Undergrad: 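Below is a structure I'd like to ask you about.
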2 protein chains.
Amino acid sequence: MTISPRQIARAWERERPGTPTGSIEIVTPILRLAKLFADDRARVLRRAGIDSATLDLLSTLRRSGPPYRLGTRELAARTLVTAGAISQRVARAEERGLVVRTPGDGRRAVEVSLTAEGHTLVESSVDQVLGREAALVADLRPAEREALVTLLDTLTQGVRRRVTSS
Amino acid sequence: MTISPRQIARAWERERPGTPTGSIEIVTPILRLAKLFADDRARVLRRAGIDSATLDLLSTLRRSGPPYRLGTRELAARTLVTAGAISQRVARAEERGLVVRTPGDGRRAVEVSLTAEGHTLVESSVDQVLGREAALVADLRPAEREALVTLLDTLTQGVRRRVTSS
DNA sequence: CGTCCTACGTTTAGGGCTAAACATACAGGA
DNA sequence: TCCTGTATGTTTAGCCCTAAACGTAGGACG
């Protein structure tokens with residue numbers, strides 16, 4: 001039913017000879033896989049009473065270790081979203097009692113801390129997400145998995161360098 | 001500055017021994033690469049006067065070959081978004097004169113066709129996007145690239161099977 | 001025929017994100 | 001001391017998407 005990246009490249013070559021199709025077989029499957037993972041994660045989390053954006057915030061705080069507190073710039077850098085998005089995520093999470101905003105020490109910083117309630121919610125949802133995703137990638141054999149990790153790492157480094165330098 | 005997927009996995013193991021971290025080094029880089037590609041594509045397209053969603057629609061029609069016309073279900077299947085999203089994409093594109101909706105033959109079908117204006121816009125933007133993305137993945141050597149394509153394909157098949165069967 | 005019922009496209013409500021406009025705190029120089 | 005520039009967090013406007021509610025058009029069947 002779905003058209004494969006290779007078929008997409010062939011279709012462009014047929015319809016517009018000369019189209020630079022070289023990247024399609026790399027970029028398209030990555031975009032599609034990301035959507036499959038994201039949609040599936042959203043489904044799992046809906047049952048757990050949380051959404052991906054909030055879990056991303058709480059996980060980052062939880063993973064940072066005691067005292068489970070980070071500044072907003074640090075949060076933005078670690079979650080790859082803009083400062084405005086962090087501001088909104090924190091506002092929503094604070095509304096639900098999952099985090100609290102406290103004035104930090106330096107300059108005009110604001111620090112975000114995990115509450116007991118937020119801590120409980122992370123604990124109960126992280127394993128569900130990671131367990132499910134482990135099942136989704138389960139039929140990659142160890143050697144394949146290792147090779148894929150290495151290649152994705154190489155690609156990420158190259159893309160990041162070229163993106164940020166423009 | 002940014003934390004690597006491996007560091008994320010290690011942090012979970014340190015903070016919560018027993019957390020199933022096996023999938024992190026696969027899923028996280030895929031989500032991040034997708035975001036890097038999507039954001040970069042959005043920047044390129046903004047200058048070209050179009051957005052990713054509209055280009056996705058127009059490209060699908062363009063690639064399908066003459067008469068550059070497809071039904072809405074077909075469009076939904078090929079672009080991996082919901083029927084509601086297609087309806088909105090088509091409405092926006094029609095407003096701009098890039099496509100037209102025409103009553104189809106069977107049942108109650110609606111067919112979407114590329115206009116001359118839409119055709120022109122695709123032609124001028126596709127090469128910019130694909131050219132840019134070819135540059136982004138350029139430092140993958142041929143052997144690496146081939147291996148990555150194969151692994152992504154294997155992974156996609158597995159994930160798709162497990163996602164749709166639930 | 002008339003009545004379900006199913007398939008299908010559209011509309012609506014709500015959520016998330018980005019970019020840009022704002023507001024403000026602090027630092028350093030004149 | 002005052003002023004200006006810069007860094008930082010928040011708010012707003014505008015997109016896009018999904019899920020679910022809607023409104024129908026055609027069949028299937030009694």
Side-chain angles (χ1 to χ4, degrees), chain A residues 31-32 34-47 49-58 69-77 79-96 98-113 163, chain B residues 31-32 34-58 70-77 79-96 98-113 163:
Chain A
L31 293 176
R32 288 186 175 183
K35 185 163 167 53
L36 288 173
F37 284 132
D39 288 355
D40 192 77
R41 183 180 284 193
R43 274 194 292 276
V44 170
L45 290 178
R46 195 166 320 123
R47 295 188 204 115
I50 187 175
D51 61 90
S52 295
T54 303
L55 180 61
D56 193 28
L57 171 66
L58 302 189
R69 172 172 25 236
L70 289 173
T72 60
R73 280 163 324 203
E74 189 65 24
L75 285 169
T79 57
L80 298 185
V81 295
T82 62
I86 291 296
S87 201
Q88 294 175 53
R89 284 183 177 186
V90 171
R92 289 194 298 269
E94 191 169 37
E95 190 117 4
R96 288 188 54 185
L98 304 173
V99 302
V100 289
R101 246 181 296 212
T102 55
D105 34 40
R107 298 184 67 91
R108 190 194 160 205
V110 174
E111 307 234 290
V112 181
S113 312
V163 162
Chain B
L31 293 176
R32 287 185 176 183
K35 184 163 168 54
L36 288 172
F37 285 132
D39 288 354
D40 191 77
R41 182 181 285 192
R43 275 194 293 275
V44 170
L45 290 178
R46 196 170 316 125
R47 295 186 204 117
I50 187 175
D51 61 89
S52 295
T54 303
L55 180 61
D56 192 28
L57 171 65
L58 302 189
L70 289 172
T72 58
R73 279 162 324 203
E74 190 65 22
L75 286 169
T79 57
L80 299 185
V81 296
T82 60
I86 291 295
S87 200
Q88 294 175 55
R89 284 182 179 187
V90 171
R92 289 194 299 266
E94 191 169 38
E95 191 118 3
R96 289 187 54 185
L98 303 173
V99 301
V100 289
R101 249 182 294 210
T102 54
D105 33 41
R107 298 183 67 93
R108 189 192 163 206
V110 175
E111 305 235 290
V112 181
S113 311
V163 162

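Values in this document were obtained by computation on a predicted structure and should not be read as measured data. First the proteins, then the strands, lettered A, B, ... as listed; each starts at 1.
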Undergrad: From C/dT18, C/dT10, D/dT18, pick the nucleotide closest to the side chain of A/Q88?
TA: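 Given the options C/dT18, C/dT10, D/dT18, the side chain of A/Q88 is closest to C/dT18.
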Undergrad: Calculate the interatomic distance between B/R73 atom CZ and D/dA25 atom P; express it in whole Å.
TA: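 From B/R73 CZ to D/dA25 P: 17 Å.
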Undergrad: Could you check B/D56, B/D51, B/T72 and say which one makes a side-chain hydrogen bond (donor to acceptor under 3.5 Å, both in side chains) with B/R89?
TA: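 That would be B/D56.
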Undergrad: Could you say whether A/A91 or B/T54 is positioned toward the 5' end of DNA chain D, judged by the nucleotide with the nearest heavy atom to each?
TA: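 Final value for this comparison: A/A91.
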Undergrad: Just to be sure I understand the rule, does B/A85 reach a base, reach only the sugar-phosphate, or reach nothing, if contact means heavy atoms closer than 4.0 Å?
TA: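 Base contact - B/A85 has a heavy atom under 4.0 Å of at least one base atom.
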Undergrad: Remember a base hit wins even if backbone is also touched, and classify A/D51 as base, sugar-phosphate or nothing at under 4.0 Å, heavy atoms.
TA: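 Sugar-phosphate, backbone atoms only, no base.
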Undergrad: Counting just side-chain N and O atoms, does A/T82 come under 4.0 Å of either OP1 or OP2 of C/dT18?
TA: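 Yes.
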Undergrad: Atom CZ of B/R46 and atom P of C/dC17: how far apart are they, to the nearest Å?
TA: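 The distance from CZ of B/R46 to P of C/dC17 comes to 17 Å, rounded to the nearest Å.
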Undergrad: Tell me what A/T72 touches on the nucleic acid: a base, only sugar-phosphate, or nothing, going by heavy atoms under 4.0 Å.
TA: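 The residue A/T72 makes sugar-phosphate contact but no base contact.
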Undergrad: In whole angstroms, how far is the P atom of C/dG9 from the CD1 atom of B/I86?
TA: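 So the two atoms are 11 Å apart, to the nearest Å.
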Undergrad: Would you mind telling me which of C/dT10, D/dT10, D/dC16 lies closest to the side-chain atoms of B/A53?
TA: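 Of C/dT10, D/dT10, D/dC16, D/dC16 is nearest to the side chain of B/A53.
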Undergrad: If you check the B/R92 side chain, which of C/dA19, D/dT18, D/dC16 turns out closest?
TA: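 Selected nucleotide (nearest to the side chain): D/dC16.
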Undergrad: A/D39 CG to D/dC16 P: how many Å, rounded?
TA: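 So the CG-P distance, A/D39 to D/dC16, works out to 18 Å.
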Undergrad: Could you check how far CD of A/E94 sits from C1' of D/dT10, rounded to whole Å?
TA: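 In whole Å, D/dT10 C1' lies 13 Å from A/E94 CD.
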Undergrad: Measure across B/A34 and A/A34 and return the closest heavy-atom pair with its distance rounded to 0.1 Å.
TA: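 Minimum heavy-atom contact is CB-CB, 3.3 Å.
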Undergrad: Starting at atom CG of A/L57, determine the distance to atom C1' of C/dG16, rounded to an integer number of angstrom.
TA: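 The answer, rounded to whole Å, is 14 Å.
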Undergrad: Kindly indicate, with the supporting measurements, whether the criterion side-chain contact (heavy atoms from CB on, under 4.5 Å) is fulfilled by A/R41 and A/V44.
TA: CA-CA 5 Å; A/R41 183 180 284 193; A/V44 170; 5.7 Å; no
Undergrad: What's the CZ-C1' distance between B/R101 and C/dG9, to the nearest Å?
TA: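 My rounded result for the distance is 9 Å.
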Undergrad: Rounded to the nearest 0.5 Å, how far does CD of B/E94 lie from OG of B/S113?
TA: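 Taking OG in B/S113 and CD in B/E94, the distance rounds to 10.0 Å.
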Undergrad: Does a nitrogen or oxygen in the side chain of A/K35 sit under 4.0 Å from OP1 or OP2 of D/dC16?
TA: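 Answer is no, no contact under 4.0 Å.
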Undergrad: How close do B/R101 and B/A91 get, heavy atom to heavy atom, and via which atoms?
TA: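 The answer is NH2-CA, 3.7 Å.
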Undergrad: Side chain of B/R89, heavy atoms from C-beta onward: which of D/dT18, D/dC17, C/dG16 has the nearest atom to it?
TA: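 Nearest to the side chain of B/R89 among the choices is D/dC17.
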Undergrad: Hey, which sits more toward the 5' end of DNA chain D by its nearest nucleotide, B/S52 or A/G71?
TA: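 The residue mapped nearer the 5' terminus is A/G71.
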Undergrad: Between A/L70 (CG) and D/dG9 (P), how many Å, whole number?
TA: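 Interatomic distance, CG of A/L70 to P of D/dG9: 13 Å.
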